[in-house]
Number of protein chains: 2
Amino acid sequence: MPAPTTLPISEMICFSLYSATHAMQHAYKPMLEALGLTYPQYLVLVSLWGEDGQTVGQLGQALQLESNTLTPLLKRLEAQGLVARARDSRDERQVRVSLTGVGRDMQARAADIPGCILEKSGMTLAALTALRDQVNALRDQLRG
Amino acid sequence: MPAPTTLPISEMICFSLYSATHAMQHAYKPMLEALGLTYPQYLVLVSLWGEDGQTVGQLGQALQLESNTLTPLLKRLEAQGLVARARDSRDERQVRVSLTGVGRDMQARAADIPGCILEKSGMTLAALTALRDQVNALRDQLRG
DNA sequence: GTTAAATATATCGCACACGATTAAATCGCA
DNA sequence: TGCGATTTAATCGTGTGCGATATATTTAAC
């Protein structure tokens with residue numbers, strides 16, 4: 001009986017995504033470090049720059065993260081003075097996350113990051129956009 | 001002066017990869033859980049099924065992980081009886097990781113995972129392969 | 001109106017990732 | 001040969017992710 005065979009790691013789509021995600025975070029790292037941010041913290045700020053005052057649940061929906069990940073992350077952002085957290089007065093179960101002045105100013109300081117990433121990718125914006133849509137389609141299929 | 005604008009999180013390629021990686025790990029989870037494995041542990045085993053007796057450094061090269069991640073992970077695999085770790089007698093700096101019988105048998109028990117993932121992806125093998133190559137190209141560009 | 005079910009967030013424990021540092025073994029070169 | 005430089009793992013500290021659970025609030029059923 002022959003030994004079972006397994007696709008080499010380098011040819012597995014799951015590993016492509018896994019390693020590309022790491023490479024992407026590595027590409028962001030020096031720029032985010034200069035702003036004192038981690039990558040997930042940056043994603044939270046991006047989401048808040050788009051819509052301020054979101055609840056923890058809304059942020060979780062946008063980033064596909066649970067409160068057990070977001071709560072400590074948001075506390076760290078609050079400790080840095082970038083956001084404020086407050087219970088919603090209408091529904092005290094919910095916690096609304098608002099940008100502080102410093103948090104809003106961070107948007108300008110981070111403004112050239114996307115361009116730098118585009119450049120590091122060595123791809124055209126059109127190619128990246130097409131790739132993004134394919135990756136999103138795969139993700140949405142996997143989510144069921 | 002208008003407020004600076006930032007691309008919505010849903011349109012950022014970095015977030016596509018980030019969320020697709022999470023969705024992929026979520027798809028693997030029930031199957032790996034049945035084998036008592038985490039996703040990174042599974043990747044290590046896949047690598048060893050392809051080439052047994054790799055050093056920690058070789059595994060790190062294949063998976064793009066450092067020893068500070070691999071060492072505790074490998075210790076957990078060793079504690080489960082799936083691998084053995086031993087210093088190379090020729091070069092005692094290196095630690096070689098070998099599959100145990102149980103670790104080898106796991107390959108057969110995991111044999112139908114790739115097919116299940118392919119099915120969950122809802123894509124043809126050709127489409128997935130093409131997407132993989134594009135993602136790999138982006139990753140390799142980002143690595144520089 | 002009281003109480004059970006549902007909802008939203010927080011807490012706890014475990015397993016990655018990774019920067020920085022340490023320790024041991026090997027290599028290289030005078 | 002000897003000794004500094006390099007290589008290889010391991011260790012330490014911080015920050016995610018996430019399953020399981022706890023707590024508080026709101027909703028719904030009666």
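FYI, side chains are in, hydrogens and waters are out, and symmetry mates aren't considered; it's all heavy atoms of this structure. Chain naming here is simple, since letters A, B, ... match the order of the sequence lines and numbering starts at 1 in each. Here the structure is a predicted model, which is why all the values come from computation and not from measurement.
- Residues that satisfy the salt bridge (charged side-chain N to carboxylate O under 4.0 Å, His left out) test with A/Arg143, not counting sequence neighbours, are A/Asp140.
- Whole-Å rounding puts the B/Lys29 NZ to C/dA15 P distance at 11 Å.
- Each side-chain hydrogen bond (donor to acceptor under 3.5 Å, both in side chains) pair with one or both residues in residues 91-102 of chain B, not counting sequence neighbours, appears once here: B/Asp88-B/Arg96, B/Asp91-B/Arg93.
- Closest approach of A/Pro114 and A/Ala111 over heavy atoms only: CD-O, 3.4 Å.
- Close approach of DNA chain D to chain B, defined as any atom under 4.0 Å from a non-hydrogen atom of the protein, starts and stops at D/dT7 to D/dG19.
- For the segment residues 37-60 of chain A, the set of residues with a heavy atom within less than 4.0 Å of an atom of DNA chain D comprises A/Thr38, A/Pro40, A/Gln41, in numerical order.
- Summarising the geometry of B/Pro40 relative to B/Leu73, their closest heavy-atom pair is CB-CD1, 3.6 Å, with the distance given to 0.1 Å.
- Between A/Leu70 and A/His22, the residue whose closest nucleotide on DNA chain C is further toward the 5' end is A/Leu70.
- For the pair A/Ser19 and B/Arg139, the tightest heavy-atom approach, listed with the atom from each and the gap, is OG-NH1, 2.8 Å.
- Annotation: proximity of residues 137-144 of chain B to DNA chain D (heavy atom, distance under 4.0 Å) is found for no residue.
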Give the table of side-chain donor-acceptor pairs shorter than 3.5 Å for residues 20-36 of chain B, with sequence neighbours excluded, one pair per line with atom names and distance.
{"residue": "B/Thr21", "atom": "OG1", "partner": "A/Leu17", "partner atom": "O", "Å": "3.2"}
{"residue": "B/Thr21", "atom": "OG1", "partner": "A/Thr21", "partner atom": "OG1", "Å": "2.7"}
{"residue": "B/Thr21", "atom": "OG1", "partner": "B/Leu17", "partner atom": "O", "Å": "2.8"}

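- Taking CG from B/Leu74 and CG from B/Leu82, the interatomic distance works out to 11.0 Å, rounded to the nearest 0.5 Å.
- In plain terms, the two heavy atoms of A/Leu37 and A/Gln41 that are nearest each other are CA-OE1, 3.7 Å.
- Looking at every heavy atom in both residues, B/Trp49 comes nearest to B/Tyr42 through CZ3-CE1, 4.2 Å.
- Considering CG of B/Leu48 and CE of B/Met106, their distance stands at 12.5 Å, rounded to 0.5 Å.
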Show every donor-acceptor pair shorter than 3.5 Å between a side-chain atom in residues 52-67 of chain B and any protein atom, with sequence neighbours excluded, or say none if there are none.
{"residue": "B/Asp52", "atom": "OD1", "partner": "B/Leu99", "partner atom": "N", "Å": "2.9"}
{"residue": "B/Gln54", "atom": "NE2", "partner": "B/Ser47", "partner atom": "O", "Å": "3.0"}
{"residue": "B/Gln54", "atom": "NE2", "partner": "B/Ser47", "partner atom": "OG", "Å": "3.1"}
{"residue": "B/Gln54", "atom": "NE2", "partner": "B/Glu51", "partner atom": "O", "Å": "3.0"}
{"residue": "B/Thr55", "atom": "OG1", "partner": "B/Gly57", "partner atom": "N", "Å": "3.4"}
{"residue": "B/Thr55", "atom": "OG1", "partner": "B/Gln58", "partner atom": "N", "Å": "3.0"}
{"residue": "B/Gln58", "atom": "OE1", "partner": "B/Thr55", "partner atom": "N", "Å": "2.9"}
{"residue": "B/Gln64", "atom": "NE2", "partner": "B/Gln61", "partner atom": "O", "Å": "3.2"}

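- Sorted by residue number, the members of residues 71-95 of chain B with any non-hydrogen atom under 4.0 Å from DNA chain C read B/Leu73, B/Arg76, B/Arg90, B/Asp91, B/Glu92, B/Arg93.
- For A/Arg132, there are no side-chain hydrogen bond (donor to acceptor under 3.5 Å, both in side chains) partners, not counting sequence neighbours.
- Contact detail for A/Leu128 and A/Leu118: the closest heavy-atom pair is CD1-CD1, 3.6 Å.
- Residues passing the side-chain hydrogen bond (donor to acceptor under 3.5 Å, both in side chains) test with A/Ser121: none are found, sequence neighbours excluded.
- Partners of A/Glu78 under the side-chain hydrogen bond (donor to acceptor under 3.5 Å, both in side chains) rule, at least two apart in sequence or in another chain, are A/Arg85.
- Against DNA chain C, the stretch residues 61-69 of chain A makes heavy-atom approaches under 4.0 Å through A/Ser67, A/Asn68.
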